[in-house]
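Below is one structure, written out as structure tokens, with a few remarks after it.
Chain A is the first sequence line, chain B the second, and so forth, proteins listed ahead of strands; every chain is numbered from 1.
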There are 2 protein chains.
Amino acid sequence: MTTSTDAPRRTRIQQEKRELILEAALEVFSTNGFRGSTIDQIAEAAGMSKPNLLYYFRRKEDIHATLMQRLLDTWLAPLRELDDIGDPMTELRNYIRRKLEMARDFPRESRLFANEILQGAPRIMPLLAGDLKTLVDEKAAVIKSWMRAGKIARTDPWHLIFSIWATTQHYADFDVQVRAVLGPDRGGDGRFEDAARFLEQLFLDGLKPKN
Amino acid sequence: MTTSTDAPRRTRIQQEKRELILEAALEVFSTNGFRGSTIDQIAEAAGMSKPNLLYYFRRKEDIHATLMQRLLDTWLAPLRELDDIGDPMTELRNYIRRKLEMARDFPRESRLFANEILQGAPRIMPLLAGDLKTLVDEKAAVIKSWMRAGKIARTDPWHLIFSIWATTQHYADFDVQVRAVLGPDRGGDGRFEDAARFLEQLFLDGLKPKN
DNA sequence: CAAATTTTTGACCGATTGGACAAACGTTAG
DNA sequence: CTAACGTTTGTCCAATCGGTCAAAAATTTG
């Protein structure tokens, strides 16, 4: 074995073309959902004919599955980095910041994931109840230990994680609405910095006035 | 004119059947998205034949449009109720509570809306930049006045509203994920009460420890 | 170069889709 | 009863869908 990976052996051109297809599919799937997307659309976005695309991925589902599989890893990376050792408050602040940056830099990935969950997660349900739950439970335990140590206020760690997901991903998934509501002046590039400032304050101090 | 409404005149049976279709369409659209849903599915869910359904709604799009139009009204009702006069902190708390109740009681409506926004809001963009923006701007002004009066902490009112939307609707739109992560024991009916408690604390006091 | 292999494509297929239409059926008013 | 009107359905159609296949084109290998 020259290159020993679990993945089936592939030529250089296969690697490239598969990557091209996945990139195109991410674009199409994330804006139209799985059923709303056609192989023709993906093929055209990838600059090749439909039969050619089907030469690299036998079925439409295979493209989507490959995409989801990769996605989940990178998507959960920020949560994995949540460190037991660091200062709790800054750890959480960094996690929120990283999640918001991902919403800004990878909105298509966020929407792809949202589309899947919205429609009942028919294709990744096992992953949610398996790997995802395990990871969240683990990190919830870490957060709980912080609470016991008096480092952060006592609340439900699971719902805390949900709220971080919800508020940050909102800027990717509901981007159209956010921009429409903020209008042309405030809806520009600065909206993510505004969001970062707001979220930091919300999660640290809440809304109660200081005095 | 006996009944003078803007809507075209309709017989009693037409009213009923249209309502039946809209109810069925809400179910189907909210779980499959617009393009992922078929007229046959909706017709079957409504207990009638496809041509019969098309007698009441000429096109698939008309059903969806009618649904969206109604939805937006009821969906924004809680925000409309946000009252200038009441005590700011309790007004906000009540708003969050009402929104969370809507996520619990009308998850299909939430998902229908989320589906539409996720895919770029092609059919309701004008409403977002029009009525919705107007309403949010108006309420943001109210919130701002509360801040000036020192009743709540100073932050960005628009992003505050976004965060309330995000955290509450999360429990409808990402319900599958929430239940999967919480597991069989904690993912039951009690999850909304847990969420309510958590959100109240988050928005009031944030995470900083009391000590 | 020539054979073997990989990549690309045009043509095609069955299934499903949104929608049209005329005929049948039911209901109501005179 | 019957004519008019509202409702329902079976049948059909063109377009689009995911996917196949054989053959052509390009590339790699000896």
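Between Tyr55(A) and dT7(C) there is a side-chain polar atom (N or O) within less than 4.0 angstrom of OP1 or OP2. In this structure, Gln14(B) does not reach the dG6(D) phosphate: none of its side-chain N or O atoms is under 4.0 Å from OP1 or OP2. A close approach under 4.0 Å does not occur between any side-chain nitrogen or oxygen of Lys17(A) and OP1 or OP2 of dT6(C). In this structure, Asn52(A) does not reach the dT7(C) phosphate: none of its side-chain N or O atoms is under 4.0 Å from OP1 or OP2.
For Glu61(A) and dG19(D), the CD to C1' distance is 13 Å, given to the nearest whole Å. In this structure, Gln41(B) places its CD atom 16 Å from C1' of dG19(C), rounding to the nearest Å. For the pair Tyr56(B) OH and dA20(C) P, the computed distance is 17 Å after rounding to whole Å. Put simply, CZ on Arg59(A) is 16 Å from C1' on dC17(D), counting in whole angstrom units. Note: CE (Met48(A)) to C1' (dG10(C)) measures 17 Å, nearest angstrom. Atom CG in Asp40(B) sits roughly 15 Å away from atom P in dA20(C) (whole-Å rounding). Straight-line distance from the CD1 atom of Ile21(A) to the C1' atom of dT8(C): 12 Å, rounded to whole Å. Taking atom CD on Glu44(B) and atom C1' on dT9(D), their separation rounds to 16 Å, with Å as the unit.
Judged by the 6.0 Å distance and 45° axis criteria, Arg18(A) is positioned over the aromatic ring of Phe57(A).
The pair Arg191(A)-Asp194(A) does not meet the salt-bridge criterion, since no charged nitrogen lies less than 4.0 angstrom from a carboxylate oxygen. Using a 4.0 Å cut-off between charged nitrogen and carboxylate oxygen, Glu23(B) and Arg108(B) count as a salt-bridge pair. We find that Arg97(A) and Glu101(A) are joined by a salt bridge, their nearest charged nitrogen and carboxylate oxygen being less than 4.0 Å apart.
Classified by interplanar angle (parallel below 30°, tilted 30° to 60°, perpendicular above 60°), the ring pair Phe162(A)/His170(B) is tilted.
With dT7(C), dG18(D), dT8(D) as the candidates, the nucleotide lying closest to the side chain of Ile39(A) is dG18(D). Candidate nucleotides dG18(D), dT7(C), dT9(D) were compared by shortest atom distance to the side chain of Lys60(A), and dG18(D) ranks first. Of the candidate nucleotides dT20(D), dG19(C), dG18(D), dT20(D) has the atom nearest to the side chain of Leu54(A). Nearest to the side-chain atoms of Thr38(A) among the listed nucleotides dC17(D), dT8(C), dT7(D) stands dC17(D).
Nucleotides of DNA chain C nearest to Arg35(A) and Pro51(A) differ in position, and the one nearer the 5' end is that of Pro51(A).
When heavy atoms are screened at a 4.0 angstrom cut-off, Phe57(A) is found touching no nucleic acid atom at all.
A donor-acceptor contact under 3.5 angstrom links the side-chain atoms of Lys50(A) to the base of dG19(D).
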